[in-house]
Amino acid sequence: MRFTFASLATYARTLNFDLSRCEGYRNFCNKLWNATRFVLINTEGKDCGTDEKTPLELTTEDRWIISALQRAEAEVEAGFAEYRFDNVASAIYRFVWDEYCDWYVEIAKDQLAKGNDLQQRGTRRTLVRVLETVLRLAHPIIPFLTEELWQSVAPLAGKSGETIMLAPYPKSQPEKIDEIAEGKVALGKRIVNACRNLRSEMKISPALRVPAIIAGPMDIASLVPYLQSLAKLSGVTHVTEDELNKTDAPIAIVGDTKLKLKVELDVAAERARLKKEISRVEGEIAKASAELANPSFVERAPAAIVAQRKERLATFLTTLEQLKSQLDKLKP
């Protein structure tokens, strides 16, 4: 209930209260509770790197979630400064659900199972430290839940104290922002989603692991372990674009990266899929072009927004060209 009202605390004079919002934030509390259970099960009684002298190794994914936490903390601080409790609630929700639970916890499972001792220690430390910080961050909004969880998590993170109420409130540390790690994980997430979309379109059973081939300028070696885990792949091979094009299979395009799942191709279904995707991209191009052709928008919008729209249009045009090329290869 508290989280719901915080999320509704906008500048609007009328609040449209809906019990379904309460259900959504109840699910959020359950998500945080279950994430804490996972962390406790995998860290209690184990070395969590609380001794700063203990050697450990932080993976790209560890550095990414630490970096994302700094951005979330800064967003929460700005929200409180502006009395925008809705922005505070949104920032906490998005970080906990979308980043920590949906991505990092899943990645951590693989790192704890397959990483070396130094990597496992680094992952355990990251899991508990980020979670402990999140509990302090969310305490003003969901104090009863965070107090209960903090009592178990704090000792693992090297924190002490009688209550979370007396613990210092988190403050963003810009020096811990790692844009390189953020970029790599962002690409990995887009590739995972592209693989999931291909699986869905090709009606591949979730229980079936299939190999994937990827072509692109970036070395994806560091992404392979969690691509296999999160996209249910049996293997990932980095190939040249020429090698990729020799394989008759549906293609997904993520920026400069192209990928295919190595399964038997239904040519007719793939042609239909490509035509549908081409139609969608052409619609996006039409909307973007119309927006940029509007003098009112170009003159009044911030330069950064206009540049972003132009870049988006260029990306759509490149994607359209690649999709049409792929469709041409499948002509009977």
Side-chain angles (χ1 to χ4, degrees), residues 1-7 9 25-26 28-56 58 62-81 83-85 87-97 99-101 104-105 108 112 120-178:
M1 181 70 76
R2 287 173 61 98
F3 210 135
T4 301
F5 277 113
S7 72
Y25 289 115
R26 178 196 63 191
F28 170 86
C29 292
N30 287 340
K31 190 90 165 179
L32 182 58
W33 184 278
N34 290 332
T36 302
R37 284 185 58 204
F38 167 80
V39 172
L40 293 176
I41 289 171
N42 285 277
T43 57
E44 282 187 310
K46 298 178 181 178
D47 184 357
C48 295
T50 51
D51 182 356
E52 297 294 339
K53 296 180 181 179
T54 303
L56 52 80
L58 296 180
D62 296 331
R63 296 195 302 274
W64 157 71
I65 196 66
I66 293 169
S67 181
L69 175 63
Q70 310 314 311
R71 296 190 187 277
E73 289 171 340
E75 197 173 345
V76 168
E77 183 179 0
F80 276 129
Y83 296 95
R84 291 296 304 270
F85 302 125
N87 289 345
V88 171
S90 176
I92 293 171
Y93 185 98
R94 283 185 282 107
F95 177 78
V96 173
W97 192 295
E99 308 296 351
Y100 187 76
C101 293
Y104 184 68
V105 166
L112 291 174
Q120 290 182 14
R121 187 178 296 119
T123 298
R124 285 194 294 267
R125 188 173 82 167
T126 304
L127 277 169
V128 296
R129 286 193 172 186
V130 172
L131 177 58
E132 190 275 335
T133 303
V134 162
L135 294 175
R136 286 186 284 124
L137 200 64
H139 184 65
I141 299 179
I142 44 175
F144 306 109
L145 176 67
T146 50
E147 179 71 69
E148 175 71 20
L149 298 178
W150 189 81
Q151 294 295 331
S152 299
V153 174
L156 296 173
K159 304 290 183 179
S160 60
E162 183 179 350
T163 171
I164 192 175
M165 289 187 290
L166 300 179
Y169 198 68
K171 188 173 180 61
S172 178
Q173 298 173 271
E175 68 275 10
K176 291 186 178 181
I177 291 178
D178 190 329

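Keep in mind that this is a model prediction, so the values were computed, not measured.
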Original post:
Nearest heavy-atom pair of Arg125 and Gly49: which atoms, and what distance?
Top reply: CD-O, 3.2 Å

Original post:
Do the ring planes of Tyr93 and Phe3 sit parallel (below 30°), tilted (30 to 60°) or perpendicular (above 60°)?
Top reply: perpendicular

Original post:
Quick one: CD on Glu99 to CZ on Arg71, what's the gap to the nearest 0.5 Å?
Top reply: 11.0 Å

Original post:
For the side chain to side chain contact (heavy atoms under 4.5 Å, CB included) test, which of Thr123, Asp178, Thr126, Ile65 pairs with Leu58?
Top reply: Thr126

Subject >> Pair Arg63-Ser67, side-chain hydrogen bond (donor to acceptor under 3.5 Å, both in side chains): steps then yes or no >> reply: CA-CA 6 Å; Arg63 296 195 302 274; Ser67 181; over 6 Å; no

**OP:** State, to 0.1 Å, how close Ala91 and Ala72 come at their nearest heavy-atom pair, and which atoms those are.
**Re:** CB-O, 4.5 Å

Original post:
Quick one: which of Asn42, Thr50, Thr43 gives a side chain to side chain contact (heavy atoms under 4.5 Å, CB included) with Val128?
Top reply: Thr43

**OP:** Applying side-chain contact (heavy atoms from CB on, under 4.5 Å), run through Val153 and Val39 and close with a yes or a no.
**Re:** CA-CA 8 Å; Val153 174; Val39 172; 5.7 Å; no

Subject >> Residues, nucleotides or ligands: over 12 heavy atoms within 6.0 Å of Glu175 CD >> reply: yes

Original post:
What's the verdict on side-chain contact (heavy atoms from CB on, under 4.5 Å) for Phe95 and Val130, showing C-alpha distance, side-chain angles and the deciding distance?
Top reply: CA-CA 11 Å; Phe95 177 78; Val130 172; 3.9 Å; yes

Subject >> Check: Arg2 side chain, Pro140 main-chain N or O, donor-acceptor pair, under 3.5 Å >> reply: yes

Subject >> Electrostatic pair Glu132:Arg136 at N-O distance under 4.0 angstrom >> reply: yes

Original post:
Do you know which two heavy atoms are closest between Leu112 and Arg124, and how far apart they sit?
Top reply: CD2-CG, 3.7 Å

Original post:
When rounded to the nearest 0.5 angstrom, what distance separates CD1 in Ile92 from CD in Glu73?
Top reply: 10.5 Å

Subject >> Cys101 side, atom SG; Phe28 side, atom CZ - distance, nearest 0.5 Å >> reply: 7.5 Å

**OP:** Output, in order, the C-alpha distance, side-chain angles, deciding distance and verdict of side-chain contact (heavy atoms from CB on, under 4.5 Å) for Thr163 and Glu147.
**Re:** CA-CA 7 Å; Thr163 171; Glu147 179 71 69; 2.5 Å; yes

Original post:
Roughly how far, to the nearest 0.5 Å, is the CD atom of Glu77 from the CG atom of Leu137?
Top reply: 10.5 Å

Original post:
Taking all atoms of both residues into account, what is the closest heavy-atom pair of Ser7 and Tyr25, and its distance?
Top reply: CB-OH, 3.2 Å

Original post:
So do Ile142 and Cys29 actually touch side chain to side chain, heavy atoms under 4.5 Å?
Top reply: yes

Original post:
Is there a donor-acceptor pair under 3.5 Å between the side chain of Gln70 and the backbone N or O of Ser172?
Top reply: no

Original post:
Does Leu127 offer a backbone N or O that forms a donor-acceptor pair with the side chain of Tyr100 under 3.5 Å?
Top reply: yes

Original post:
Passes side-chain contact (heavy atoms from CB on, under 4.5 Å), Leu32 versus Leu131? Steps please.
Top reply: CA-CA 9 Å; Leu32 182 58; Leu131 177 58; 4.0 Å; yes

Subject >> Close side-chain approach of Tyr104 to Leu69, heavy-atom, < 4.5 Å >> reply: no

Original post:
Nearest heavy-atom pair of Arg121 and Pro55: which atoms, and what distance?
Top reply: NH1-O, 2.5 Å

Subject >> Greater than 12 external heavy atoms within 6.0 Å of Tyr83's OH >> reply: no

Original post:
Roughly how far apart are Arg37 CZ and Leu40 CG, rounded to 0.5 Å?
Top reply: 9.5 Å

Original post:
Is any side-chain heavy atom of Glu75 less than 4.5 Å from a side-chain heavy atom of Arg94?
Top reply: yes

Original post:
What's the shortest heavy-atom distance between Thr133 and Pro170, and which atoms?
Top reply: O-CG, 3.6 Å

Original post:
Just how far is it from atom CD1 of Ile164 to atom OG1 of Thr146, taken to the nearest 0.5 Å?
Top reply: 4.5 Å

**OP:** Decide if atom CD of Glu148 counts as having more than 12 heavy atoms of other residues, nucleotides or ligands within a radius under 6.0 Å.
**Re:** no

